[in-house]
Amino acid sequence: MSQTEAIRVAVPRKGRPLEAVLERVADVSDRSEQADEIISTLRHEKAITKGNTEPAADVYQRLATYSDLEDAYAPEYTLLRDQRDGMPRRIVFDSLTVDVAGIPVQFVGREEPFRALRTHEFALGFDSADLVLEEVVELEPEGVASISDVNARIDPMDTDVRVVSGLGDTVYHTLMARPEVLPPGAELDRGFVADYEGRLCISPRYERLVEAVLGTRPLENITFAYPDDDREEEAAIADVGLGVYLTMTGSTARNHGLILGEHLFPSETVLMENVIEARDLAAAAEVREALSADAHETEIPV
């Protein structure tokens, strides 16, 4: 390994955001095989977690099989308690070191990468753009329509973290409605919501996000409704008549008789920076530029 101190980058421990990061790592380094290996391993572990695959060995044996303590550049994994009955242990991503632009970069798994940047543990990190909206974007009368709008809504007194770019692994927060809710010729968009009076069905954990995305003014005559714990979101939206939910293709929504409206905000993985925390500004900037190179059109001046 190079004698240069590694730049540490916080990343999610599992799921779609981590896969998006690993695909970017494969693009900017010579470690594409390792990135694919990690994705495959964690998908296999997810299948075990969901009970769709029977494990060939217990969790500790599998963890030992995945590890290579003699190779400093080999991926590392760790165990976390899962929320299923009995709180079993689940194998998740821990770390991977690669050379990016000739600089050693250690990607470190965190349960909450965005919060790790906020608490000055890291200078760079990847996490869902949703978390930025949920935690630090200020609520204003007009909503936020794109990731490029986010930094202007972050109070500099609240956090030093800024969004650099999106990775394009986009699933959209989308308006959905039963056709009869719309007057003839009306478009299902922000303008419709601004004139609407009644209930809007959302996931309760997205309340602040939806307020940030739609803006407080269009929500003045709207009451939020929430799906029951055992109810699919699209089914609950069909019962209410109007709602906001994540979708990529919209096929599930259409199965419930819903029409799709405006894509309100892209839920994608974003690269973030806490400039205050960078020890080596030049190296951190070079790594940041490499990780955001060829990024989605959401690259933002910082």
Side-chain angles (χ1 to χ4, degrees), residues 14-17 19-20 43 46-47 49-52 83-84 128-134 137 139 141-147 149-150 166-269 296-298:
K14 58 185 183 297
R16 177 177 60 88
E19 291 192 10
R43 285 181 179 178
K46 180 179 180 180
T49 298
K50 288 183 170 292
N52 298 329
Q83 295 301 313
R84 291 169 297 154
S128 170
D130 290 355
L131 295 177
V132 184
L133 266 68
E134 290 169 11
V137 165
L139 301 181
E142 302 304 321
V144 177
S146 68
I147 289 178
D149 296 334
V150 170
L167 294 186
D169 58 323
T170 309
V171 179
Y172 284 97
H173 295 282
T174 303
L175 281 169
M176 302 178 181
R178 291 200 313 266
E180 58 267 29
V181 170
L182 273 73
E187 295 289 334
L188 183 54
D189 56 15
R190 292 172 182 268
F192 172 80
V193 175
D195 295 332
Y196 179 81
E197 296 183 12
R199 297 195 301 160
L200 179 73
C201 186
I202 63 171
S203 173
R205 67 191 182 97
Y206 283 138
E207 183 170 319
R208 194 181 187 283
L209 182 149
V210 171
E211 289 176 330
V213 167
L214 285 173
T216 56
R217 185 180 293 118
L219 295 173
E220 289 176 352
N221 297 313
I222 283 178
T223 302
F224 287 139
Y226 310 107
D228 295 332
D229 290 341
D230 58 349
R231 188 81 163 140
E232 289 184 357
E233 279 82 353
E234 292 97 330
I237 291 173
D239 290 342
V240 171
L242 178 67
V244 177
Y245 189 57
L246 286 169
T247 183
M248 181 177 294
T249 65
S251 59
T252 308
R254 294 187 185 94
N255 291 340
H256 290 280
L258 297 169
I259 59 172
L260 300 183
E262 182 178 349
H263 289 329
L264 298 173
F265 187 82
S267 173
E268 65 180 290
T269 307
H296 200 240
E297 64 266 17
T298 50

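The distance from the OG atom of Ser128 to the CZ atom of Arg16 is 7.0 Å, given to the nearest 0.5 Å. To the nearest 0.5 Å, atom OG1 of residue Thr269 and atom CG of residue Leu131 are 10.0 Å apart. Rounding to the nearest 0.5 Å gives a distance of 9.0 Å between CD1 of Ile147 and CG of Leu133. We find the CD1-CG distance between Ile259 and Leu175 to be 10.0 Å, quoted to the nearest 0.5 Å.
Leu182 and Ala177 make their closest contact through CD1-CB, 3.9 Å (heavy atoms, listed as atom of the first residue, atom of the second, distance). Gly261 approaches Thr174 most closely through the heavy-atom pair O-CG2, 3.7 Å. The heavy-atom pair separating Ala236 from Pro227 by the smallest distance is CB-CB, 3.6 Å. Nearest heavy atom pair, residue Glu268 against residue Gly168, reads OE1-N, 2.7 Å. When all heavy atoms are compared, the tightest approach of Thr170 to Pro266 is CG2-CB, 3.5 Å.
Side-chain atoms of Leu209 and Ile202, non-hydrogen and from C-beta on, never get closer than 4.5 Å to each other. The shortest side-chain heavy-atom distance between Thr252 and Thr247 does not fall under the 4.5 Å cut-off. When side chains are defined from C-beta on, Glu19 does not count as touching Asp169, because their heavy atoms never get closer than 4.5 Å. A 4.5 Å side-chain heavy-atom check between Leu188 and Leu260 finds every atom pair outside the cut-off. Within the 4.5 Å cutoff, the side chain of Lys46 has no heavy atoms near those of the Asn52 side chain. Counting heavy atoms from C-beta on, the side chains of Pro183 and Phe192 come closer than 4.5 Å. Contact check for Leu200 versus Leu219: side-chain heavy atoms found under the 4.5 Å cut-off.
The salt bridge (charged side-chain N to carboxylate O under 4.0 Å, His left out) search around Glu234 returns none, not counting sequence neighbours. Applying the salt bridge (charged side-chain N to carboxylate O under 4.0 Å, His left out) criterion to Asp189, with sequence neighbours excluded, gives no partner residue.
Among residue pairs with one or both ends in residues 190-206, those qualifying as salt bridge (Lys or Arg N to Asp or Glu O under 4.0 Å) are Arg190-Glu262; sequence neighbours excluded. Sorted by first and then second residue, the pairs that involve residues 233-265 and meet ring pair (Phe, Tyr, Trp, His ring centres under 6.0 Å), not counting sequence neighbours, are Tyr172-His263. Among pairs with a residue in residues 178-187, those fulfilling side-chain hydrogen bond (donor to acceptor under 3.5 Å, both in side chains) read Arg178-Glu180, at least two apart in sequence or across chains. Every pair passing salt bridge (Lys or Arg N to Asp or Glu O under 4.0 Å) that includes a residue from residues 208-220 is listed here, sequence neighbours excluded: Glu142-Arg217.
Only one option out of Leu264, Leu214, Val137 pairs with Val144 in a side-chain contact (heavy atoms from CB on, under 4.5 Å); it is Val137.
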Candidate pair Tyr206 and Asp130, rule side chain to side chain contact (heavy atoms under 4.5 Å, CB included), full reasoning: CA-CA 9 Å; Tyr206 283 138; Asp130 290 355; 3.8 Å; yes

